[in-house]
Amino acid sequence: MAAAVPFEQWTAEEKYGHFMRRIENGEKIEADDWMPDDYRKALIRLITMHGISEIMGAFPEKEWVPKAPTLRRKLAIMAKVQDEMGHGQLLLRVAEDLVKPCGKTREDILQDLFAKRLKFHNVFHMPSPTWADAAVIAWLVDGAAILSQTMMLKTSYGPYGRALKRICQEESFHAKHGESLTLSLAEGTPAQRRMLQEAIDRWWEPLLMFFGPKTKEATGHTNVDKNLKYKLRTKTNEELRQEFLSKYVPKIRLLGLAIPDPTLRYDDEKGEWIYREPDWNKFKQIVTGNGPKTDERLRLRRTSYENGRWVREALAQWKAAAV
Ligand SMILES: [Fe+2]
Ligand SMILES: [Fe+2]
């Protein structure tokens, strides 16, 4: 039997069977453990996209740091931007261990981003023209992110789950900050309420898109199935979108704000929200690097990456000298 034979001598099928049993039993896979290439690829895709999205996600709000209306708000949004960059660094550290056996480095991940070979979330390609956009991003985009990140806390890959634990704690502060900004605007002057409504109108479709297309039949996409099979995630895109609608539609309406979808309703019989499908062709365009702010933000990111090169090189030399 395979158990009596050293692991290195097991056949590929035996190794795969053993690996899948570990997943089924809820065991955590660690960076040095044997894993099928398919699992590694799925992890790399998921974690680099998440990490890069955290970094690119700081940009729409960063624009509002110099223009925040009060010192208290400025400190809060600055802390949030800093948190998001930290989440990105934490996740790229996890991704770095995964790409290493493939002969790739963290530098390669960043270069892939600059060359548009890596995707990041659709919402972070969009403009944030008013202070109300900063409010809606922190309240609803972070709210949507919390739903999908909380779902992955029990992910089968140990290092990702541990990074997510810390990230989720900070994300809940972000949502509170967004709630506070939104409430102030909702209770404000008619001009502030109008600004908030316009931001909701702008962000509604990107928010529905955030969870991804409904079915693989619609997109030919099997990544979600793969992530479910390997227990990297536990819910489908549509389950998460329905959760989001159940949580936030009543809250938005409670503030007296309108949702820009006249077809939106909860179907009691089906037990689900009926909504107008976002334009998935537009989604595809955006996530493949053709969003309204993609080029500008990638240019900014590349400039700041190049400006920080001397720090990375100095640290690498110091580390080499210390060994
Ligand atoms: Fe984050
Ligand atoms: Fe956040």
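When a ligand or atom number is given, it counts from 1 through the structure's own listing order.
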What is the ring orientation for Tyr248 with Phe244, classed by angle as parallel under 30°, tilted 30 to 60°, or perpendicular over 60°?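 The arrangement is tilted - the two ring planes meet at 30° to 60°.
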Listed protein N/O/S atoms, distance to the Fe ion (ligand 1) under 2.8 Å: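 Those protein N, O or S atoms (cut-off: under 2.8 Å from the Fe ion (ligand 1)) are Glu54 OE1, Glu84 OE1, His87 ND1, Glu171 OE2.
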Determine yes or no for a side-chain-to-main-chain donor-acceptor pair under 3.5 angstrom, with Thr155 supplying the side chain and Arg233 the backbone.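 No: the side chain of Thr155 does not pair with the backbone of Arg233.
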Is it the case that more than 12 heavy atoms not belonging to [X] sit under 6.0 Å from its [atom1] atom?
| X | atom1 | answer |
| --- | --- | --- |
| Lys74 | NZ | yes |
| Asp267 | CG | yes |
| Arg117 | CZ | yes |

Partners passing salt bridge (Lys or Arg N to Asp or Glu O under 4.0 Å) against Lys176 (at least two apart in sequence or in another chain):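 Expected list: none.
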